[in-house]
Every structure is written in C-alpha cells, then in structure tokens.
Amino acid sequence: MESEQLFHRGYYRNSYNSITSASSDEELLDGAGVIMDFQTSEDDNLLDGDTVVGTHYTMTNGGSISSSTHLLDLLDEPIPGVGTYDDFHTIDWVRERCKDRERHRRINSKKKESAWEMTKSLYDAWSGWLVVTLTGLASGALAGLIDIAADWMTDLKEGICLSALWYNHEQCCWGSNETTFEERDKCPQWKTWAELIIGQAEGPGSYIMNYIMYIFWALSFAFLAVSLVKVFAPYACGSGIPEIKTILSGFIIRGYLGKWTLMIKTITLVLAVASGLSLGKEGPLVHVACCCGNIFSYLFPKYSTNEAKKREVLSAASAAGVSVAFGAPIGGVLFSLEEVSYYFPLKTLWRSFFAALVAAFVLRSINPFGNSRLVLFYVEYHTPWYLFELFPFILLGVFGGLWGAFFIRANIAWCRRRKSTTFGKYPVLEVIVVAAVTAVAAFPNPYTRLNTSELIKELFTDCGPLESSSLCDYRNDMNASKIVDDLPDRPAGLGVYSAIWQLCLALIFKIIMTVFTFGIKVPSGLFIPSMAIGAIAGRIVGIAVEQLAYYHHDWFIFKEWCEVGADCITPGLYAMVGAAACLGGVTRMTVSLVVIVFELTGGLEYIVPLMAAVMTSKWVGDAFGREGIYEAHIRLNGYPFLDAKEEFTHTTLAADVMRPRRSDPPLAVLTQDNMTVDDIENMINETSYNGFPVIMSKESQRLVGFALRRDLTIAIESARKKQEGTVGSSRVCFAQHTPSLPAESPRPLKLRSILDMSPFTVTDHTPMEIVVDIFRKLGLRQCLVTHNGTVLGIITKKNMVEHLEELTRRAEPLVAWRWQLLPGTVLACSCRPSVRPVPVQRRSGTPVVR
C-alpha cells in the first residue's frame, strides 16, 4: 500500500534519484488519482509518514527536560536535500526553530564585518514586514476583483446592460434619468433576457424565458467551474479552511498553496458564486490569501527555507483573508488566533494585524460595493435593545446550536456516502445536478433568487420611510407630518405576511441545499449560507416579537419599554443575531465571530446580544459534539491534526500506544558502526518506515540517536557520487570515532552529520495525557519510548491521532454519524484525496476498521 502511494507520487522505494528531487509548494499536483493513506497497517505501523528526525529534548523518569542548542553535527559541505520534508509529511517544529536561531546568530555575527553584511542583516530583519505587506496588497486586490466580477456575473443571469456591458444591474441604472424611486431597479439601459429574445417585459412568456435563461447561466457557470477545477487544480475546490488548519499545524500538502491553485480558485470562485449555489466566497478567500502568502514567502530566504517561519506568514495571510472577506481587520486577526493558527507568537500577532490593515485599505480603495465602506452589510439601527429581548436572542442561539449540530452530522454523513453513490464517481455530474436543482427551486422565490449576500443585506436592514421591500409593508395608522428615521411599531400588512411565508420556504430550501452543496468539487464557503439561514430565522422571530409587542403592549414584559407609538423592536437586529448564532453553531467560533459580526455591520452597541446568542449556540452545539465543521472534515479526511481544544481524560500509558505492539514484528533499528551500505539499503527497500532509531549494538540496545529514511537515502546517493571508494560493503558509521578496520576494507561512510543526537524520549510509564500535551505544545512528529535507556518503541503523531480516535469511538459507541465501515470501503468527501480505512489490531485481537 505504501509502495503504491510512493509510486503514484513519483518516487518508488528502489529509486533513490527520484527521492532526492522534492517538488516545491508552487507545483501543481495532479490529485485526481492520488490516494492519501494516513492510516497505518499491520506491516507499517512502527514508523509512518509522520516520523522524521527527532527533536532536541529528552524526558527522563523524573519528567525533566533538557535541551540541545545545536541542531545537527554540520558537515563542511552540507548535503543538499537533507533536512527537507516529503509531501504529506509533518514538519518538526523544534528542529525548524533551532535552524532559525542558528541562522539568526550567524547573521548577527557577520553584520559588523562590512556594509554589505549590515545590509543583508537589515533586509533579513524587515523581510517579515515586506512579505506580509505584499500578501495584504495581493489579497485586497484579488478580493476586490472577485467581488466585482461575482456581482456582474450574478446579474448576468437576469439580463445585461446595453449601454455598458461591464456594468451590473445597479451600476447600469445609476446614470439613468428615467429611474423612479419606487422602481429604482428598472431603467431603459437594463434589458432582461426576455426583452432581448422575445421582446416581452411582462407576462407568462417573459417569466418562462427568464426562468430558462436563469437555469442556463447557472448550469454554464457551474459546469465551467467544476471543469477548471478537475482539469487544472484539484486542490482549488472546497472551503480550504480545514486544509489550512492542518497545514498551519505543520502538515505538508504540496501544491495546495501554489500558483495554479491560486489562479484557478480565483476564477472558479467567481463562477461558483455567480451560479447561485448555496455557498459563499468568504472561506475560499482565506485560501486565496494563504496562496498569496505562500508564493511571496519564496522571495525571502528567511521563509522559503524554513517551514515553521513560513507558517507565521500563512497565519498573517489567513487574517488578511478574513479581513477582505468581511471587511473586518480585527476580526481577521482574532480568527487567525482562535480558529486556524497552531503556533502564534507575539510578532505574528503584530504582522497579522498589519497584513489585515493593508488588505482592508486596498479593498476600501477599490470600493467594490460602491458604498464607500468595506462591507456590504453595514446597518444603522436607531433603537437600543431592551432587557426582555435577551430571551428571544437566547432562543436564536439555541436554534443556531441545533442547526450547527444537524448540519455537521448531515454533511459529514453525506460526504461519507458520496463514494458509494453515482455522484461520488462523477463529481462533474454531481455539481451539475446540485446546480440544476438549486436554480429550478430558487427562481420562483424572490428571496432565494437573490444573491445570498444581497439577501442578508435586505434582512439586516431596518425598515425606514424610504424602504420599498415587502418586508417593510406595514399599515400606517397615523399621519406622519415629516419623514423620520425611527418609525413606531406598526401592524404588519399583507406584504409582510407574504414575505414571512416566502422566508419560511427559503429557510427550508437553504438548509437542505447547504448540506448537499458544501463539499462538492467547486470552491465553496460556509460562512454566508450559515449567516443567511440565521438571518432568515432571526427576521421571522423579530417580526413575530414586533407584532406581539404591538398588539400586547400592556403585557408586563412589554409594558415598561413598548408604549403605544414607540419604536420598540428592530427585526433587523434579530436577523443579525440569528446570523451570528448559526455561524457560531457550525464553526464553534466565539470571540472572533462576535468581533467579525459587529465590524461587518457596524453594530457596536449590540455586542451583548451577539455574545449571548453565540455563547448559547456553542453550548447547545457542544452538547451534541464538540467538533466544529472544520474539525469534522479534518477527521473525515484523516489528516494528522491534534486539536488543542480537545481534552485528554483517559488513563493510558505510553506503552499502550507505542509501536511495535505485542503481535507486531520487532522494531527496525540501525547500529552505530556494525552495518554496511547494503544492509541499510536493504532495510530501506524492505520496509516502509520513514525513520530508524540508532542504537549502540544489538546486544546493548542503548539509544544513540535517530536517522530519517529520506536523509539516509540522500546521503548514501550523494556519497556514491562524490566520495570515492563508497561501495555496498562500505561500513556505515554513526559514531564520533570510526572503528578500526582491516587494511583491505573499503573506505567507511560517516553519517553522523545526519543523525539527530537528542531525539525526544519518554519512558514507557509516562501517562498519555502528558505525551499528548507535549506533542501539542512542542509540535513533535515523533518521540521514542525507552526503559532504563533501552529503546522499546516509538510514538508518532499519527499513532496519537489513531489512539484518540479509538478512545473516542469507545466512549461514544452510539454516535450514528461516526460509522465503522466495512473493510475495503473507500471514504471520500468533496475534492479532497480519499482516505482508505485500514484494520487496526486491538490488544484483544479484535480488528477495528479505521
């Protein structure tokens, strides 16, 4: 299985030359036939793809930690490729930080030697600010371009502007002198497709023609989007946030943040939004910003050669992505800190703030919404909220938590079943069918026909004297002598009741279609659909409370605040609170979500209702499962991600988790001076392990260090080319001093320079809660398990994830959506590479399908 995976990726075990050539992050990977097997089998569960050169800390029985300042014994001429990472592997955070410290000390020691060295030192110091500046500029520019293009293509489904083809509907009527206030969306310059094709503006024929053209354009945009993704950049589909969270935790996915992915995702995101599918562009904009950050990081050696430093740039880029997605710079920084970042030092906080600032400034300069603001949803409410309204706000929080729990279970269940259906085998067909159903069902209802962002804006807007929406069709029982901003509560008219029924149908439509849309093979965000569902529910509740207060103003809960003729209830506020509650129920965000919403709407006065609803939605959602949608997709795809939010409460020891287990073959190890080149090559060819502990001898079993499979392969290949006399019988020496050899023996090969002399170790009796904490806080890939200095086994990050998953299954055997699939069933969701379940042997001997 492992050999098949390596063959698909271009380097088979017997080919050493292919291993030495590592692809860059900018390469486009053809992921259509790639199977990401992150689970271990019985034959390769000792050292898996998460096992590389160890770290520089050693834990003794007493629990003390000692550190080593030097990374490796460096060669006079470092071997190219040593210390780098393969695709689908996890970085070693401690080693990368040590490398950065060594680089920093080297630059500081030379900066006083000459003016050129001083210039290089200044360039290195300012490179962090330069890369986040470029990332912010690019993110803001691309976001503005996407917003403008998406608005134009969305209106293209309804008609076209004859005076200027590049104008959308609103821009087309701006300069018209024949537009009235009541019909400000109608002007002679804008022609519907029925007017252009059959020459009719009204009537059944016009309606049918516009219906047909709406479906035609929706299917065309959806087909073009999925075709571009499938052919050019398979990684451009989906939200991208689950993968970005995994990448920021240290995982390597080559090509996911490359230039091809950036280009295709930018184009297809516009097409997907314009097709009318129940998705948003906010999540994919985070992916677009991270692609920009990754590409610009290659311009600076400080970040291009260090994976941990590069992830600091990606954290800042994710903040810039949320900043331009919602027009919320502060919320973007908090989102990066709370939701996606794994390692977030203080300097990354400053640079994230600066990147979000630059991106917001560029977006404001472009002014894609034409309202001189960063956001589309800016609202101004003229009535404060009252204490009794906390009860309906909390009810909206309960609804948001229930919606989040339902959506996570339903969407994950559908993604699990996708491979067993026809849609799973034909992703293009799935997108076309979902787009067709969406278009057919959306057109008759004006609230589903609207662009989702426009729908949220209308639901957020308070009813003023100049509003002509059916949501503001109230009966005026009093003669107003002047136009005021805050109108008193009034009885609802026929238009309001009709709008409520249409909103109820729109709510059902959005709930169903969002479940089936999130995860298809086009760029698809979840923020806007979730906010739309909450806004619809909130507006309905707001109107109900408003009418209740009008007709029963003498009730004790309304008596103090809602007098006759007073403006007491603001339904738009309920829509805003409901949107925040539903988004919080799906993502389980709290602080960052509240800040994003009040930046998004300008409703600073309404932080307390937002906090109450968001916290309630999180509590209700956590009662059904602590995972948000992004963590659920990470687990579904099998990524080796340790969530820092989860608590480990089980009483197990390191010996219960380490590999090998009792029924497994013995641990594959290297000796420090008793093996030849042929011995090591045979071990590499006969095993799939990615690293080997080095011991003193077979008799001693005392730990000397840890050698990475990739580094061994590269070092041996390099020695054959550069060192004369290196043959298969050459002795390989990891010790400091070469042992005495007979005169006729070939020249020995010294590989101490690639050996990690201080791998992280724990004893076999170390509690697993301590081991889990160490892995999370130090970012380890693996640690060795010893007993009195003798190597017993190894624990990798994947072993840790498997162990936590098994404990979760045991603790929650009745959770229906975490199915135990039959052997041989292939799991897959959306465009992400599929995961192959592998049977894992329990200690009792009963196989468990992973």
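No hydrogens, no waters, no symmetry mates; every other heavy atom, side chains included, goes into these values.
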Determine the minimum heavy-atom distance between [X] and [Y], stating which atoms define it.
| X | Y | answer |
| --- | --- | --- |
| G280 | P529 | N-CD, 3.7 Å |
| G572 | Y381 | O-OH, 3.0 Å |
| C290 | A317 | CA-CB, 3.8 Å |
| L248 | V340 | CD1-O, 3.5 Å |
| V437 | M513 | CG1-SD, 4.1 Å |
| G240 | H287 | CA-ND1, 4.2 Å |

Step through it carefully: locate the ring centre of [X], locate the ring centre of [Y], and say whether they are under 6.0 Å apart.
| X | Y | answer |
| --- | --- | --- |
| F598 | Y606 | no |
| F641 | H633 | no |
| F393 | Y574 | yes |

Looking at [X] and [Y], would you say the former's side chain and the latter's main chain have a donor-acceptor pair under 3.5 Å?
| X | Y | answer |
| --- | --- | --- |
| N411 | V515 | yes |
| N445 | Q502 | yes |
| R364 | G327 | no |
| E605 | P384 | no |
| Y386 | I569 | no |
| E312 | T348 | no |
| T246 | P242 | yes |

Would you call E631 and K245 a salt bridge, taking side-chain N to carboxylate O under 4.0 Å as the test?
yes
Apply side chain to side chain donor-acceptor pair (under 3.5 Å) to the pair S278 and T517, showing each step before the final yes or no.
CA-CA 6 Å; S278 183; T517 303; 5.1 Å; no
Verify ring pair (Phe, Tyr, Trp, His ring centres under 6.0 Å) between F527 and F326, making sure each step is shown before the conclusion.
CA-CA 10 Å; F527 283 14; F326 291 106; 5.4 Å; yes
Checking side chain to side chain donor-acceptor pair (under 3.5 Å) for the pair Y497/S470: CA distance, chi angles, key distance, verdict?
CA-CA 9 Å; Y497 290 115; S470 59; over 6 Å; no
Kindly compute the distance separating [atom1] ([X]) from [atom2] ([Y]), expressed to the nearest 0.5 Å.
| X | Y | atom1 | atom2 | value |
| --- | --- | --- | --- | --- |
| I533 | W403 | CD1 | CH2 | 3.5 Å |
| I366 | I148 | CD1 | CD1 | 6.5 Å |
| T383 | L573 | OG1 | CG | 9.5 Å |
| Y639 | S249 | OH | OG | 11.0 Å |
| L471 | T461 | CG | OG1 | 9.5 Å |
| T616 | I394 | OG1 | CD1 | 5.0 Å |

Tell me whether L346 at atom CG has more than 12 heavy atoms from other residues, nucleotides or ligands lying less than 6.0 Å away.
yes
Under the rule for side chain to side chain donor-acceptor pair (under 3.5 Å), what residues qualify as partners of T601, not counting sequence neighbours?
none
For T587 and E339, run side chain to side chain donor-acceptor pair (under 3.5 Å): C-alpha distance rounded to whole Å, both residues' side-chain angles, the deciding distance at 0.1 Å, then the answer.
CA-CA 9 Å; T587 62; E339 188 65 18; 5.7 Å; no
Stepwise side chain to side chain donor-acceptor pair (under 3.5 Å) test for K157 and S275
CA-CA 8 Å; K157 293 185 298 182; S275 67; over 6 Å; no
Which residues satisfy the side chain to side chain contact (heavy atoms under 4.5 Å, CB included) test with A316, sequence neighbours excluded?
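Scan of A316 (side chain to side chain contact (heavy atoms under 4.5 Å, CB included), adjacent residues dropped) gives V132, S352, A355.
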Which residue, S323, S315, S341, forms the side chain to side chain donor-acceptor pair (under 3.5 Å) with S336?
S341
Would you call the rings of F518 and F407 parallel, tilted or perpendicular if under 30° counts as parallel and over 60° as perpendicular?
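F518 vs F407 ring planes: tilted.
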